[in-house]
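I have placed the structure first, in the form of structure tokens, so that the comments after it can refer back to it.
Reckoned from all heavy atoms, side chains included, excluding hydrogens, waters and symmetry mates. Here is how names work: the chains are called A, B, and so on, in the same order as the sequence lines, proteins then strands, and each is numbered from 1. In this text, all values refer to a predicted model and were calculated from it rather than measured experimentally.
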There are 2 protein chains.
Amino acid sequence: MQAKALLKEHVLKIASLTDDEFDYFFSHFKPETFKKGQSIISEGDAVDKEYFVIDGCLKAFFVNDEVKMYILQFAMPTWWASDYAALYNKTKATINVDCVSDAEILSLSNSDREKICSELHQVEHFFRWRTNRGYVAAQKRLLSFMNNDTKTRYEELLALYPALYNTVPKHLIAAYLGVSRETLSRLYNASK
Amino acid sequence: MQAKALLKEHVLKIASLTDDEFDYFFSHFKPETFKKGQSIISEGDAVDKEYFVIDGCLKAFFVNDEVKMYILQFAMPTWWASDYAALYNKTKATINVDCVSDAEILSLSNSDREKICSELHQVEHFFRWRTNRGYVAAQKRLLSFMNNDTKTRYEELLALYPALYNTVPKHLIAAYLGVSRETLSRLYNASK
DNA sequence: TCACGAATGTGATCTACATCACGTAACCAA
DNA sequence: TTGGTTACGTGATGTAGATCACATTCGTGA
């Protein structure tokens, strides 16, 4: 699907915008393409954009001690990604974003988002809704972390992102679940 | 401080509202008081309000198997609490909210929030900002869960809620950290 | 098409934390 | 005051998952 059509469908589910208003909204987005493995945000960068995924898959992750990687979120088409802590607080990135596969995305700068949010009430409404969903999802994941064992979380992940199962390397799935790749391997080989 | 003044100070940091607009905004809130231990939202309830804490302390928590309790959030003055998943999706509560201490709060119904958000752009702006903060905090906590050991998370908690240290029972702190009360006890007795 | 690094599987240990069990101290309510 | 519930401390033991070590397979670029 065309980038514009995909974003339009996504936004109009929540916000009532005329065609002209949507066109104006859309004019602030910039299409970008990235290759598999390419980095979009690196730790230490100044962050001034967020990204809407049209095609492909991104991952937002944190790296500890230059060694262990923890994936906060996979971003599939119609999902948004950035280092929001850095974006909103205007601090340097502590989170990395890069491409699990070749990706086609739309970028939106922080200042443009704030501008169109203040210009169009419905756009602000849309972004409130979007962040709400993220908040609820993050809380749910937090609970799952505290409450469920790794196997259950593995099954939840496959339910949430069925497309991931055969698309992304297992060690990334382990990094999302917060377990070692060895444990993950034993887990799904044992459960057969 | 008066409830109205506290809310006003909190909101005006983000939103530009005239006195009349704030008065109108405030007219949708309803003051309520609760006793220590009293329940505000119970699992299975229909949820139609969120709560702004004026005084005291609430906890939002999940109970598994009628046995283990996990605390999602403590809510101190100027913090908000509810079961947001239930509130936004209009489903039954899966999360409980109750009072760690006697509490004075302001309640706001879901429909009133949506109404004033659509009536006053600045109010919508405020709630977008508020949820953003919650989202970023939830992500940060998620990362801390994956990355840090219990001792580090214990120290983070004390930094985040210094007032909690001597106010709330240790087993609630354990429930926030996601460890058993025994482990927590050994932990801070060992580190002396 | 070959080769080399990345991804994956699997065994052997090690460890943080859960769980069970029990004792003591603090806090209300009659 | 007293009796009972709730909070807290601490030992003994069990276990999920980390870590280390190495073998195997896969994928991608020259």
Pair Phe29(A) and Phe52(A), ring centroids less than 6.0 Å apart
no
Less than 6.0 angstrom separating the ring centers of Tyr161(B) and Trp79(B), yes or no?
yes
Close residues, residues 175-185 of chain A, relative to DNA chain C [heavy-atom separation under 4.0 Å]:
Arg181(A), Glu182(A), Ser185(A)
Would you find more than 12 non-hydrogen atoms of other residues, nucleotides or ligands less than 6.0 Å from Lys170(A) atom NZ?
yes
If you look only at pairs with a residue in residues 92-101 of chain B, which of them pass as a side-chain hydrogen bond (donor to acceptor under 3.5 Å, both in side chains), with sequence neighbours excluded?
Lys59(B)-Asp98(B)
Between atom [atom1] in [X] and atom [atom2] in [N], what is the gap in whole Å?
| X | N | atom1 | atom2 | result |
| --- | --- | --- | --- | --- |
| Met146(B) | dG17(D) | CE | P | 16 Å |
| Phe145(A) | dG17(D) | CZ | C1' | 13 Å |
| Lys170(B) | dT10(D) | NZ | P | 13 Å |
| Arg153(A) | dG17(D) | CZ | C1' | 11 Å |

With axes from five pairs an end, tell me the bend angle of the helix from dT1(C)-dA30(D) to dA30(C)-dT1(D), nearest 10°.
50°
Going from CG on Leu184(A) to OG1 on Thr150(A), what distance comes out if it is rounded to the nearest 0.5 angstrom?
9.0 Å
For nucleotides 25-29 of chain D, list the nitrogen or oxygen atoms of the protein found under 3.5 Å from its nitrogen or oxygen atoms, one pair per line.
none

Between which nucleotides of DNA chain C, read 5' to 3', does contact with chain A run, using atoms under 4.0 Å from its heavy atoms?
dA7(C) to dA12(C)
Any heavy-atom pair between the side chains of Val47(A) and Ile41(A) that's under 4.5 Å?
yes
Going through the checks in order, is the salt bridge (Lys or Arg N to Asp or Glu O under 4.0 Å) test met by Lys8(B) and Asp19(B)?
CA-CA 9 Å; Lys8(B) 189 166 188 171; Asp19(B) 286 349; 3.1 Å; yes
With sequence neighbours left out, what residues match Asp23(B) under salt bridge (charged side-chain N to carboxylate O under 4.0 Å, His left out)?
Lys4(B)
Determine, stepwise, if the pair Tyr176(B) / Phe74(B) fulfils ring-ring contact (aromatic ring centres under 6.0 Å, His included).
CA-CA 8 Å; Tyr176(B) 181 91; Phe74(B) 290 109; 5.5 Å; yes
Short side-chain N/O contact to dT6(D) OP1/OP2 from His171(B), under 4.0 Å:
no
Return the orientation label for the Phe22(A) and Phe25(A) ring planes: parallel under 30°, perpendicular over 60°, tilted otherwise.
tilted
Evaluate the ring planes of Phe126(B) and Trp129(B), with Trp represented by its six-membered ring, and classify them as parallel (under 30°), tilted (30 to 60°) or perpendicular (over 60°).
tilted
Under a 4.0 Å threshold between the charged nitrogen and the carboxylate oxygen, would Arg128(A) count as salt-bridged to Glu114(B)?
yes
Begin with the C-alpha distance, continue with both residues' side-chain angles, and end with the deciding distance and a verdict on salt bridge (Lys or Arg N to Asp or Glu O under 4.0 Å) for Arg113(A) and Glu124(A).
CA-CA 9 Å; Arg113(A) 173 171 32 67; Glu124(A) 184 122 45; over 6 Å; no
